[in-house]
Amino acid sequence: MSQRIALTVQGVAIEVLPGMRPYDWERTPDDAVACKVDGRVVDLKRPLEQAGTVEFLTFDDDEGRRVFRHSSAHLLAQAVKRLWPKARLGTGPALEDGFYYDIWLPEPLQESDLERIARTMAEIVSEDLPIERVELDRDQALALFSERDEPFKMEIIRRLPETATISTYRQGDFIDLCTGPHLPSTGRIRAFRLTSISGAYWRGEETNPMMTRIYGTSFPEPGQLEQFFERQEEAKRRDHRKLGRDLDLVSFLDDAPGFPAWHPKGQQLYRVLEGFSRDLQQRNGYQEVSTPWIYRVGLWQQSGHWDHYRDNMFVIDRDDQLMGLKPMNCPGHCLLFGAKTRSYRDLPLRLAEYSPLSRYERSGTLHGLFRVRGFHQDDAHLFVGEEQIGAEMERVLELVDIVYRAFGMSYDVVLSTRPDDYLGDLALWEKAEAELESVLQQSRLKYRVNPGDGAFYGPKLDFHVIDALGRRWQCATVQLDFQLPVQFDLTYTDPEGKLRRPVIIHRAIMGSIERFLGILIEHYAGAFPLWLAPEQVRVIPITDGQAAYAAAIDGALRERGMRSTVDSSNQKLGYKVRTAQLAKIPIMLVVGGRDEAQGTVSVRSREAGDRGPQSWPDYLEELVSLAAVPLA
RNA sequence: GCUGACGUAGCUUAAUUGGCAGAGCAGCUGAUUUGUAAUCAGCAGGUUGUCGGUUCAAGUCCGACCGUCAGCUCCA
């Protein structure tokens with residue numbers, strides 16, 4: 001005598017018998033991978049017992065994709081167990097664009113084994129094994145995985161709360177400990193590829209046994225897999241380490257790991273980027289300073305870096321004194337602020353600095369321009385009164401927007417709030433967080449909140465830019481700091497003549513300029529827009545009869561601040577065009593006898609190709625305005 | 001730092017089981033004077049990452065170190 005229950009499925013109200021599984025429902029879409037019942041992601045085979053809402057998830061939803069990838073990891077593990085019955089399972093989660101499984105194996109795996117594993121996976125897919133959830137209590141679960149000789153799984157179970165219901169998933173003879181959810185059957189995973197293997201410690205600890213980590217990715221349709229790898233290839237083509245070398249921008253010397261060596265073109269690019277930031281900040285009330293880069297250890301003790309950041313600092317021992325190279329500018333700026341009495345009339349005081357910073361990064365973490373040991377930031381510290389936080393943050397947000405828009409990049413924001421181990425006044429924290437949130441709301445930016453992820457000294461905003469390939473990079477960070485002013489006993493006099501404590505806003509927009517340049521190289525695939533390009537124009541005389549004319553054109557360009565060269569090599573036009581094209585120079589000005597006679601230049605643009613002759617002095621003006629820095 | 005792979009000319013790369021380090025591009029010289037993605041010829045370029053070992057003989061095998069790459073870890 002069962003009562004029907006009321007469900008809202010994809011917005012449609014229906015009534016069904018309790019115990020109905022979305023999997024059995026005739027209107028469930030074929031491409032559904034899981035569903036959301038009252039906001040919780042569950043298996044399509046989970047029986048519905050009470051009224052609620054049901055939404056279907058497909059591969060196109062983030063959560064659906066995770067389910068799909070997670071089931072793919074199980075598929076991988078099952079194949080490995082078939083091939084190596086002695087394999088012991090670790091964990092196998094979904095990743096942003098794939099999955100992995102950590103497995104202990106009696107002998108190391110070779111890359112060539114991946115093909116065998118993939119073949120076995122394909123067999124399991126074609127068997128289309130149903131995937132079933134089975135819930136156990138703790139003792140049953142321990143007994144099961146003890147019998148199956150899975151010590152890592154037993155360790156996981158032992159770490160779970162005593163009373164926890166433990167879920168397992170089964171497909172054929174394969175059983176895994178897993179909270180799920182999962183696909184209904186293995187046949188859904190129609191396209192997958194194993195990509196690499198590497199070592200990884202059990203639970204990430206160096207003292208634990210080394211597992212073999214097998215990486216792969218998977219999709220519902222083979223076409224999507226192809227597309228994914230085309231994208232990977234494109235990313236590889238854009239790799240800034242390769243482009244940096246091919247375009248003669250930057251290199252890395254074996255004798256200075258982690259410190260980029262900028263070649264003339266790279267340095268030019270760097271200077272344009274830094275100049276862009278400098279001009280922008282100057283217009284916005286920032287004052288540039290340059291503070292020492294080596295301080296006695298006492299300063300670092302006062303700032304707290306010695307306790308929290310020492311392992312990442314380069315330390316020098318001279319004359320029985322320890323000195324540290326600065327990893328950040330904040331202490332220097334605090335010293336400047338504190339060097340004289342400050343009044344509320346000085347606030348907000350915006351100190352900007354571009355000096356070199358050094359951080360000791362562990363050797364294995366170095367990565368081209370993305371992770372270096374020596375770099376510069378478009379750094380600034382804003383000393384503000386508590387009541388100025390909101391307005392000042394608004395100004396910062398505007399600057400961030402100008403910078404990223406200049407590169408045609410969109411971005412989103414994460415607000416990280418008070419962690420458990422916060423320092424300072426709770427009321428101030430709450431007020432500041434509320435203000436940050438209201439500024440974000442007014443800005444109509446896309447943002448999300450990451451509760452408890454702020455620094456111990458204040459809440460922060462992290463900005464993620466999205467590049468031409470849709471990849472996200474964390475660049476700007478804006479952090480409120482209630483602690484450092486205390487550390488340095490910073491004060492200012494308010495209108496009533498009372499001493500008050502300022503708040504510091506740490507902010508960088510590009511972040512590390514080196515890293516940002518790396519991102520830009522990949523974003524533009526080395527084809528920089530005119531205003532950024534290290535070599536903006538190449539003048540190409542067709543024969544050496546036009547040498548003087550070409551030199552005059554080049555000279556006029558330089559006179560107007562354009563970065564131009566002449567290709568006077570003894571080559572045919574086609575060769576010179578090709579060379580300039582490969583060097584990704586935005587504008588080529590071909591000058592032949594006809595041009596010289598008629599006072600024209602034949603314009604070729606990197607993107608649009610031959611654009612025909614243009615009359616010369618006019619085109620110079622056009623070029624100059626095209627090359628303007630996008631400051632507003 | 002840890003695990004694994006790799007390191008040959010500026011770049012891309014070749015070199016049977018250990019047996020004379022070879023090419024293309026770039027560079028230089030000469031010829032060619034050319035109208036929108038590669039003109040021809042010649043020349044030069046190497047202590048095969050470094051140091052040590054095995055061997056009649058090492059780019060190749062072994063060890064240590066340095067660096068790079070893929071991950072791990074780290075990133076107040």
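All values below come from the heavy atoms of this structure, side chains included, with hydrogens, waters and symmetry mates left out. A, B, ... follow the sequence lines: proteins, then strands. Residue 1 opens every chain.
By the neighbour-count criterion of 12 heavy atoms within 6.0 Å, atom CZ of A:Arg296 is sparsely surrounded, having that number or fewer from other residues, nucleotides or ligands.
No side-chain heavy atom of A:Gln546 sits under 4.5 Å from any side-chain heavy atom of A:Asp595.
Residues forming a salt bridge (Lys or Arg N to Asp or Glu O under 4.0 Å) with A:Arg472 (at least two apart in sequence, or on another chain): A:Asp412. With sequence neighbours left out, A:Ser512 forms a side chain to side chain donor-acceptor pair (under 3.5 Å) with no residue at all. Listed by chain and residue number, nothing satisfies the salt bridge (Lys or Arg N to Asp or Glu O under 4.0 Å) test with A:Arg359 (two or more places apart in sequence, or in another chain). Checked against salt bridge (Lys or Arg N to Asp or Glu O under 4.0 Å), A:Asp425 has no partners two or more places apart in sequence or in another chain.
A close approach under 4.0 Å does occur between a side-chain nitrogen or oxygen of A:Tyr215 and OP1 or OP2 of B:C72.
A stem is defined here as three or more consecutive Watson-Crick or G-U pairs, each with both distances under 3.5 Å; for RNA chain B these stems are B:1-7 with B:66-72, B:10-13 with B:22-25, B:27-31 with B:39-43, B:49-53 with B:61-65.
In terms of polar N and O atoms assigned as donor or acceptor, the side chain of A:Asp595 comes within less than 3.5 Å of the base of B:G35 in a complementary pairing.
Residues of residues 237-253 of chain A having a heavy atom closer than 4.0 Å to RNA chain B, listed by number: A:Arg241, A:Arg245.
Mapped onto RNA chain B by nearest heavy atom, A:His305 and A:Gly368 fall at different nucleotides, with A:Gly368 at the one closer to the 5' end.
When distances run from any side-chain atom of A:Thr543 to the nucleotides B:G35, B:A76, B:U33, the shortest one goes to B:U33.
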